[in-house]
Structures are given as C-alpha cells and as structure tokens.
**Q** 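Below is one structure. I have some questions about it.
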Amino acid sequence: MMTKKHMVGGLIVACFSFLALSASAQKTVTVKGEVLDMNCYMAKGAHGAGHASCARMCLKGGAPAGLLTSDGKVYLLVENHDKAAPYEEVRKHAADQVEVTGTVENRGGVQALVVDNVKASGGSM
C-alpha cells in the first residue's frame, strides 16, 4: 500500500513539475517599434525625431531603453545575460525604428523584452 502512495505522489509531483515548466516556457517574438529612452518617455512622454538627440544622450548616459510599438505598447528592453551585444546595439538606435527579437517577460506589471537580436527597420511610426 505504501508503494502505491509513493507512486501516486511521485506521479503528481511529476505532473505539476511538467505544468510549471510548460507555463514558464518562453516564446521568441519579433517586435517592431521606436527605441525610447525610458527616462524621458516615462517622465514627459518624449519620443520621436524631435527627441532623438536627447534620447541618444540619455541612452549613452545609461538610461534604460524601451520600445514603442505602432499600437502604443511599450516594452522595457533588457539585456540577455548570455548575449549582451544585441542590447548594446539597440541602445545605439535612439528614436530609430527597429525590429527586436527576444522573449517577453512580465513581472509585477512590467512588460519587458529580453533582447536577443536587433535590426534597423527604417520608416517612421
């Protein structure tokens, strides 16, 4: 009888473990938009070509980067700890239109995109 309880318990643990891993599985997405400096955007709503020189200075100075999509969504852009170069590249594109590929993470109401790749897309919003 004890063996059956252990088998059932082990099966339950295995099922929950599988569900937890499935729920946390990350999906790679590509998102297009304008690279923001989050300091000015969050404080003043500043973005676009008229804000480009300020955004370049802010990002160069260490301000966090974001991405504003054509439908008004904003993603906080974060560095992939295993691959830092794409995040550093996206920071060079202040106020530019880019395509960012990575994984979306949501924590405490903040939507972030872990940057795996960036490509300049041109055009305006």
**Q** Spell out, yes or no, whether L36 and M57 are grouped together once hydrophobic residues are joined by side-chain heavy atoms under 4.5 Å, including indirect joins.
**A**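 No, L36 and M57 fall in different hydrophobic clusters.
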
**Q** Say you draw a straight line from CD of E99 to CG of N117; how long is it, rounded to the nearest 0.5 Å?
**A**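 Separation between the atoms: 9.5 Å.
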
**Q** Roughly how far, to the nearest 0.5 Å, is CG of D82 from CG of D116?
**A**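 Answer rounded to 0.5 Å: 9.0 Å.
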
**Q** For the NZ atom of K119 and the OG1 atom of T101, what is their distance to the nearest 0.5 Å?
**A**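 It comes to 8.5 Å.
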
**Q** I need the single residue from L113, L59, V100 that forms a side chain to side chain contact (heavy atoms under 4.5 Å, CB included) with V90. Which is it?
**A**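 Of the listed options, the one satisfying the test is V100.
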
**Q** Got a second to check how far L68's CG is from M38's CE, nearest 0.5 Å?
**A**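 These two atoms lie 9.5 Å from each other.
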
**Q** Any non-hydrogen side-chain atom of V104 less than 4.5 Å from a side-chain atom of K27?
**A**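 Not in contact.
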
**Q** Keeping E34 on the side-chain end and G48 on the backbone end, is there a donor-acceptor pair under 3.5 Å?
**A**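 Present.
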
**Q** For R91 and A63, indicate whether the former's side chain and the latter's backbone hold a donor-acceptor pair under 3.5 Å.
**A**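 Looks like yes, one N/O pair under 3.5 Å.
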
**Q** For a quick test of reading the model, state the closest non-hydrogen atom pair linking H93 to V35 and the distance between them.
**A**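 Nearest pair, atom of H93 first, then V35: O-CB, 3.2 Å.
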
**Q** Does L77 reach the side chain of Y87, with side-chain heavy atoms less than 4.5 Å apart?
**A**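 Yes - at least one pair of side-chain heavy atoms lies under 4.5 Å apart.
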
**Q** Given side chains that start at C-beta, do those of E89 and V115 come closer than 4.5 Å, heavy atoms only?
**A**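 Not in contact.
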
**Q** Please round to the nearest 0.5 Å and tell me the distance separating atom CG of D37 and atom CZ of R56.
**A**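 One gets 11.5 Å once the value is rounded to the nearest 0.5 Å.
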
**Q** Find the distance between CG (L67) and CD (Q97) and round it off to the nearest 0.5 Å.
**A**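 Spacing of CG (L67) from CD (Q97) equals 8.0 Å.
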
**Q** Might you point out which heavy atoms bring P86 and V118 nearest each other, and give the distance in Å?
**A**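 Shortest heavy-atom contact: O-CG1, 3.7 Å.
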
**Q** Mind checking whether L76 and P64 have side chains closer than 4.5 Å, heavy atoms only?
**A**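 Side-chain contact under 4.5 Å: yes.
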
**Q** Mind listing the closest non-hydrogen atom pair of A52 and A94 along with its distance?
**A**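 Of all heavy-atom pairs spanning A52 and A94, the closest is O-CB, 4.4 Å.
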
